[in-house]
Asker: 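Here it is: the structure, laid out below.
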Amino acid sequence: MDGALRASGLPARTKAKPAAISPQAVPDGELQAVLAREAAATQRVRELEAVLAERSLAEDGVALTTRLSQLERDLDVYREAKRSAELAVLDTRSVWKHAEQRITKLRESHTYQLGQLMMTGFSSWHEGVRLPARLAEWYRDYRRSLSQPGDLVPAGAAPEYLQLSEIAVARARKDGLAAAERWIEDQRPRASVLSRVLLDLAKQARTSDPAAAVALAKSAAEADPSEGRVKLLAFTLMDAGSIDEAGAILREALKGGASLNATEARRHDELMALERFKSQGIRLPRPVSRKAAGTRLTVLLYVAQSLPYHWSSTSMRTHALAQELASHGCTVRVVTQPGYPARSGGNSRKSGPDIVDGIAYHRLAPIETAPAIIDHYAREAGVALGRAARTLGADIIIAASDLDAAYPAAIAARTAGASLVLDRLNLAAAATAASDKETLLRQADDALMAEADLVLTRWSGAAEALVARGAPPAKLALLGENTPAFAADDKTPAWRSDPALKNRLVLGYIGDPYEDLDLDGLGDAFEALVEGGANVALTVFGVGSRFLKLHERLSHRGLGERVLFPGRPKTGAIAAAFGAIDLFVAPTLADPASSLRTRFELVDALLHGKAVVASDEPVARALLGDAAAWIGEGGDDLAKTLSRLVGDASLRAALQDKNAAQAERWRSLASAQSVVEQLRKIRAVSSS
């Protein structure tokens, strides 16, 4: 069974060719019957091959061995935890006995005795008469006890921790994590307080500096190695990309009897999935025989989200690609990932596909496994997608190169006898691997690119980077970004006539609230322009908490009458939304991983004829050329760039002229005609 599964492609079984049938020797009716029987037999063979491929995938020897090995480790952990639990029972009994002793000691204390005297002294007049003598006796005994050494009562740790944590976090923001760590260690707090403060600093650094977060979490666990701190250390290591070390620490904690809440159990499953994936790698079934090439290609796009449920760069790009392929004679079907769209209130998803401007969007039924459990998810999603591809008669499956999309698509392409095309939307995996997880993802990325029949690159320079990684140049095809065409909506609001925008130069943004989008810098620059007397307004089309916070901030600063946040425009109103903007502004933070992804929002603005102000980074340069006003790295460079453009109409006009020329160049790059021709050649060769 292991021989049937490898990361690289395997040739399909060689079938004996049927004997040639001479049309002159056989009547037409009989010839057609023979051909029909041959086609039915071929189809039946393909169906049986698909069933065998799915079964071999489920019975993959390497995957089963890896899972068995993990179950054995889990059993060892359980046995150790059981022994720890038995020791914990003994500890509980010891604590119980100690508590009984404490209660006895409390009843012997003077405070308890005084309370007892006062309660019984007023219960009757007889006891009241005896109360003064008893109080005098109690007082003499109390005075004697003062001369004896007493127990020390420790001060509360919570107030001390809260005070030190607040100061340490403030120092970290001002002077850096190293300075904050040195300061808290100089205070010499007790171990429990030091550990909690170091964990707070680790949480602050988890996203900005994973290596520093790991070091702080280790210091916290060493200062006070409690169950919670050890678990947090394991998950911090996991966030930083560690697999082996994080798994070992977490297993030791579980052996010691540590318990996991629901969130921790989910993350534990994700970590175990990464361990299994590291052991077994990409596992693909034996390919099914491919059907004969037809006159019309049937293309299946496999995506994470889509219209009409999500208005985003992903859904816009998908619809544009579907429209472009359909315009070149392809039959296009879009299939979303299992369970999409997730809705509350039960399964309200209607039967049949959604039709958006002639493009059919099909929905796969939910599966039990979450995408983070990558090995199980890929198998289940790949089998479901393969069945959908066979039902829809797909010749080509196109999916994003991200692991959770590309891996199931590769399985589906083999089980359906289809060709695999990966849409390369980012080059983050090309960065130097700095952790276990990054190394693992890069290896998987290379294996999936080797499996693909064609890889689409979305901007110039991406192909060179992939070739440097070892991708064959013949497998690469440049397909520029494009924007979808939607029928105009007659009920579109007149945003340009809104009092906030009317008679003002409008700065704006339309798109997703990416984490690297510098909304704080945009707000600062807008405030500086208004304070400088510029007659400007700001409008942002989109949804998300980051946009909401920017709106609230500007409103609190007294700029509410100059800003408009209409939310997400309908598809038929996107052109009108761009029409309400004079300068499209997209400042971004310095993030190497994000800077290597496509920037659909910039192409969208370019093709809608907008003058663009953007941060100077490689992908933006490749998309816009010299048709943009570039923002430097200085803190106030955005405000200076906008100030020049706002005050110089001729500069804006020159930028608009460059924009038109670049837009025409990009429309030619976005044409899918050459890609469709390559797909036809691939299909003809693979099915011959």
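Keep in mind that the numbers below use all heavy atoms, side chains included, and drop hydrogens, waters and symmetry copies. One is the number of the first residue; the rest follow in order along the sequence.
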Asker: Say whether, by atom type as modelled, one donor and one acceptor occur between the side chain of Lys475 and the main chain of Leu456 under 3.5 angstrom.
Answerer: no

Asker: Is there any ring-ring contact (aromatic ring centres under 6.0 Å, His included) pair reaching into residues 521-547, and which pairs are they, with sequence neighbours excluded?
Answerer: Trp495-Phe541

Asker: Hey, does the side chain of Arg667 reach the backbone of Leu669 with a donor-acceptor pair shorter than 3.5 angstrom?
Answerer: no

Asker: Only pairs at least two apart or in different chains count here, so list each ring-ring contact (aromatic ring centres under 6.0 Å, His included) that has a residue in residues 611-658.
Answerer: none

Asker: State whether the side chain of Glu531 and the backbone N or O of Ala528 hold a donor-acceptor pair below 3.5 Å, judged by distance alone.
Answerer: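 No: the side chain of Glu531 does not pair with the backbone of Ala528.
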
Asker: Got a sec, which pairs hit ring-ring contact (aromatic ring centres under 6.0 Å, His included) with one end in residues 633-680, sequence neighbours left out?
Answerer: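 Those involving residues 633-680 do not exist here.
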
Asker: Under the rule for salt bridge (Lys or Arg N to Asp or Glu O under 4.0 Å), what residues qualify as partners of Arg317, not counting sequence neighbours?
Answerer: Glu481

Asker: Who are the salt bridge (Lys or Arg N to Asp or Glu O under 4.0 Å) partners of Glu270, not counting sequence neighbours?
Answerer: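 For Glu270 the salt bridge (Lys or Arg N to Asp or Glu O under 4.0 Å) partners, ignoring immediate neighbours, are Arg266.
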
Asker: Walk me through whether Asn426 and Asp402 qualify under side-chain hydrogen bond (donor to acceptor under 3.5 Å, both in side chains).
Answerer: CA-CA 9 Å; Asn426 64 72; Asp402 299 332; 3.2 Å; yes

Asker: When you look at His319 and Phe486, which way does the ring-ring contact (aromatic ring centres under 6.0 Å, His included) test go after all the steps?
Answerer: CA-CA 10 Å; His319 200 73; Phe486 297 106; 5.2 Å; yes

Asker: Does Asn659 reach the main-chain N or O of Lys610 with its side chain, forming a donor-acceptor pair under 3.5 Å?
Answerer: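 A pair under 3.5 Å: yes.
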
Asker: For the salt bridge (charged side-chain N to carboxylate O under 4.0 Å, His left out) test, which of Arg296, Arg683, Arg680 pairs with Asp395?
Answerer: Arg683

Asker: What residues form a salt bridge (Lys or Arg N to Asp or Glu O under 4.0 Å) with Arg553, not counting sequence neighbours?
Answerer: Asp520, Asp524, Glu527

Asker: Does any N or O in the side chain of Ser242 come within less than 3.5 Å of the main-chain N or O of Met238, such that one atom is a donor and the other an acceptor?
Answerer: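 Judged by distance alone, no pair lies under 3.5 Å.
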
